[in-house]
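Have a look at the structure below, then the notes.
In what follows, every chain begins at residue 1, and chains take the letters A, B, ... in the order their sequences are listed.
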Amino acid sequence: MSDVNQVSADAEEEQFSPHETPSLPVGQWLRKNLFSNWANGILTLLGVLAALAALRGVLNFVFSENRQWDAVRTNLRALMTLSYPESQYIRVWVALGFIVGLAGLSAGIWANWGGVSVRRISTWLMGTGALLALCVIVREPSVILGSDGKVIRSIDGSLRRESFMDAMVDRSTWWIAAVLLLAVGAALWSRFSDPVRRRVEVSVTSVVFVGLGLAVLSLWIAPYGHYAFISETKSYIAESGRTVAFSTKMPWTVMLILLSCFFFVGRFFQSGRYLGFVKGASNLLWLISPLTLFWVVLRDPALDYGHVISTDLPMGLAFGLLGGALLWGLTRASIGEAGRITATALLVFAIFNWVAAFFGWYPMLQKARISFLLLALAALLAPNFMGEVAKRRQLVLGWVGVTALVHYLATMINTPSTVELQSTEFLGGLGLTLFVALIVVLLSFPLGVLLALGRTSKFPIFRMLSTSYIEVIRGVPLISVLIFFSVMVPLFLPDGMELAELAAVLTGYTLFSAAYLAENVRGGLQSITKGQYEAADAIGLTPAQRTGFIVLPQALTVSIPQLVGQVISTFKETSLLAIIGLFDFLRVANSVIPAQSEFMGVKREGILLVAMIYFFFNFTISKYSQRLERRVGLGER
Amino acid sequence: MSIDDATTAANDRLAGSEDMIVCVDVDKFYGDFQALKGVTATIKEGEVAVVCGPSGSGKSTWIRCINRLEVHQGGDIVVDGIELTNDLRNIEKIRSEVGMVFQQFNLFPHLTVLDNITLAPIWVRKKPRAEAEAMARALLDRVGIPEQAEKFPGQLSGGQQQRVAIARSLAMEPRVMLFDEPTSALDPEMIKEVLDVMKELARSGITMMVVTHEMGFAREVADRIMFMEGGEIVEVGTPEHFFTNPTEDRTKLFLSQIL
Ligand SMILES: Nc1ncnc2c1ncn2[C@@H]1O[C@H](COP(=O)(O)OP(=O)(O)OP(=O)(O)O)[C@@H](O)[C@H]1O
Ligand SMILES: [Mg+2]
């Protein structure tokens with residue numbers, strides 16, 4: 001025990017060292033950076049006071065007797081999925097479980113997340129403990145409640161608060177937690193202080209798993225959410241017979257188990273023969289998961305099998321088989337100029353279909369238009385797959401897969417949903433926010449890259465088209481693009497062509513985001529030296545290969561920070577969806593909850609939670625991108 | 001000096017060889033500035049031709065015209081019987097037959113050494129990956145750095161990078177290798193390792209056209225040395241002729257400065 005005491009002395013010093021270990025001893029570091037002269041010292045003191053005041057303000061706000069956290073606790077489900085019907089709720093868990101499983105698999109396959117030293121963890125623990133202790137001390141003493149549960153006021157109308165000492169005693173649980181954290185942290189710190197053990201690391205993966213495990217465990221102990229409010233009894237209920245909600249502890253536990261299982265499955269494949277295949281499969285699943293989960297699992301389309309058999313299936317088959325045959329022919333080594341001509345003709349035809357649709361010259365199913373366009377693109381790619389049978393087969397199989405997916409999704413989207421709801425969209429809350437952000441990022445990425453390439457292309461026509469597109473979009477605020485797509489576009493569409501509100505919004509947002517993405521990628525493209533182009537030319541790569549293998553990978557690596565910045569802002573700006581009538585996460589907190597009869601006007605609590613969740617996601621993304629930058633940076637040294 | 005003289009000046013060992021690179025009256029303009037003024041020369045199969053001359057004389061411009069990194073405006077360039085025109089197919093063919101090594105190496109920094117070398121064989125020559133990798137390792141062995149295959153270019157010294165660049169060009173099994181000042185960006189102690197590789201290449205019988213100021217190298221392996229100035233070939237001859245009794249005053253001046 002004695003050595004723990006010893007170290008807690010320097011552990012205490014350590015809490016105040018703001019960042020990770022400066023190489024100077026703490027005392028010197030403080031003197032050098034914060035108290036180098038008296039003016040600096042005063043500034044430091046003022047800064048500390050201001051920080052304490054802010055912390056006190058936040059704590060007082062959160063724990064104020066005026067806060068109605070019940071509003072948030074009861075509406076947790078609404079915040080996540082809005083009014084997704086109870087009877088079908090299992091679909092939400094299935095969708096989530098799919099993502100969680102996939103995440104586990106990927107983490108397992110890609111796992112080498114590196115390590116974090118035990119020393120570092122011990123400083124985290126001590127830091128958290130110290131912060132907790134600080135919080136307990138700075139928060140003002142609680143208001144005294146009378147026997148009826150109401151606040152007691154003094155004669156002058158101010159609230160009666162308990163004494164400081166009483167408050168500290170009341171908060172003894174928190175004290176214990178803080179001291180425990182400090183003690184564990186300090187113990188680890190001292191155990192791992194000699195030069196050899198200093199380097200001992202635990203893998204990041206295990207830290208993450210322990211963290212998640214603790215979070216799930218806490219669900220079994222703390223009733224975070226309510227299930228419903230029963231006005232007759234004026235109580236919140238959860239499962240039968242209980243008054244506090246542990247309603248999600250089972251599902252979340254299952255999620256954790258899924259995550260771990262798939263993690264080990266991924267680990268198992270990491271060293272095996274099938275690694276390439278599993279990687280490919282998991283990437284593909286990631287790519288299509290938002291679409292399938294949203295439009296198929298959550299929406300549960302009521303298929304009309306007569307129509308499917310008479311129209312959808314034959315059409316999909318025709319595109320898949322005839323298109324595949326065409327591509328097989330186009331990849332023949334002897335095709336020569338005829339291949340280019342066919343591909344160009346197809347492209348012209350495909351584009352013409354859209355023009356015709358715009359003017360309503362002749363009817364055609366939307367998915368046929370999309371398929372023709374995709375086929376034309378595949379035909380343009382064909383020269384890269386020429387030669388060996390294996391490569392040709394890759395292209396043809398790829399085409400068949402894409403066709404199957406496109407037709408499947410198109411059929412599903414065009415079929416009415418069995419999920420019945422009060423609102424027009426069947427999902428809202430965080431689910432909608434995440435879905436929109438994900439889809440917009442996924443779709444705008446290829447489009448943005450194409451635009452950037454167009455803008456830097458040596459063909460004036462491409463350059464002009466992309467430049468004007470980008471400049472027009474960048475000159476218009478997002479909100480007007482969204483309004484345009486939700487209100488105006490349906491007016492322009494010819495009869496018989498309909499666009500769901502959400503689809504319209506996704507289109508608009510994607511087109512908007514692509515323009516900004518293009519500018520970020522262009523920055524990266526411009527950083528590629530002329531020598532790289534020449535070297536690629538000199539070894540005989542085609543322009544497409546040069547772009548795909550040499551230019552883009554480097555350009556994208558360079559623009560990771562900006563791209564991540566854009567992902568984050570895309571995610572945050574989904575809150576604008578509220579303006580055009582969708583119920584995103586923020587809108588639920590801002591207008592749905594305050595409109596409920598039992599929580600009239602209760603807004604701040606929800607908004608605080610929303611802010612925290614936004615922050616959590618964005619902080620994670622940003623941290624991950626730093627890791628990614630370091631990893632791909634290896635090639636640049 | 002006429003072409004006939006130049007051809008007769010070449011080594012006996014090339015007597016019966018085919019013409020590999022033929023340039024006739026090649027003109028090249030940058031805007032109004034004429035960088036090449038009627039360059040005419042023939043390089044035989046298996047020949048090692050060294051091009052030298054003062055800075056700005058058009059050496060790089062000429063050598064880069066030969067694999068179409070620059071477009072010439074007048075005259076004809078024929079490589080291995082294929083004429084360089086705007087026809088994309090001819091350009092593709094020539095580029096896959098002509099390897100080029102740059103002063104600044106121009107390796108692909110985001111790819112490992114092995115991937116740098118196998119990229120073109122796999123995607124242009126359509127070789128199976130395993131075969132391409134085996135060849136890449138053999139080439140790395142040949143240029144003396146078999147142990148660096150998994151590293152990234154940024155982790156290698158300049159001399160090692162340039163040798164990787166040579167291996168990358170050789171992986172396409174070119175019939176002609178172009179070198180544009182391959183050692184000028186290197187520290188003195190690394191120049192030798194690159195020149196050694198190039199000498200070994202020269203002995204292997206591949207056609208080489210080398211822009212360099214390394215006169216020791218030129219003396220040792222060149223079949224012919226061409227001296228350029230002001231966008232023209234001023235003098236052509238065997239190393240012996242070139243170093244012992246150059247005819248042109250400008251050559252003499254250049255040699256006195258560089259030797
Ligand atoms: N892209 C260009 N635009 C305009 N002028 C150019 C360009 N590239 C080269 N030149 C000019 O053409 C002339 C020949 O250049 P080149 O690079 O071929 O010379 P060089 O003999 O290789 O010289 P060095 O030994 O310095 O490499 C020079 O006067 C140069 O200024
Ligand atoms: Mg030069």
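- Contacts with chain A were tallied for B:Leu88, B:Leu69, B:Leu178; B:Leu69 has the most, counting heavy-atom pairs under 4.5 Å.
- A salt bridge is absent between B:Glu47 and B:Arg175; no separation between the charged side-chain nitrogens and carboxylate oxygens falls under 4.0 Å.
- Proximity to chain A (any heavy atom under 4.5 Å) is shown, for B:Val101, by neither the backbone nor the side chain.
- Applying the side chain to side chain contact (heavy atoms under 4.5 Å, CB included) test between A:Leu556 and each of A:Leu525, A:Leu563, A:Val551 identifies A:Leu563 as the sole match.
- For B:Arg68, no part lies near chain A; criterion is any non-hydrogen pair under 4.5 Å.
- Contact of A:Gln545 with chain B is made through the side chain alone, with heavy-atom distances under 4.5 Å.
- Between B:Lys93 and B:Glu97 there is no salt bridge, since none of the side-chain N atoms of the basic residue sits less than 4.0 Å from a carboxylate O of the acidic one.
- Between A:Tyr274 and A:Phe269, the two ring planes are perpendicular [angle over 60°; tilted spans 30° to 60°].
- Within the 4.5 angstrom heavy-atom criterion, no atom of A:Pro543 approaches chain B.
- Interface check for chain A: of the options B:Met100, B:Lys126, B:Lys151, the most heavy-atom pairs under 4.5 Å are formed by B:Lys126.
- Heavy-atom pairs under 4.5 Å with chain B peak, among A:Thr529, A:Ile550, A:Thr542, at A:Ile550.
- Across B:Gln103 and B:Ala185, no two heavy atoms sit closer than the pair O-CB, 3.5 Å.
- A salt bridge links A:Arg522 to A:Glu519: at least one charged side-chain nitrogen sits closer than 4.0 Å to a carboxylate oxygen.
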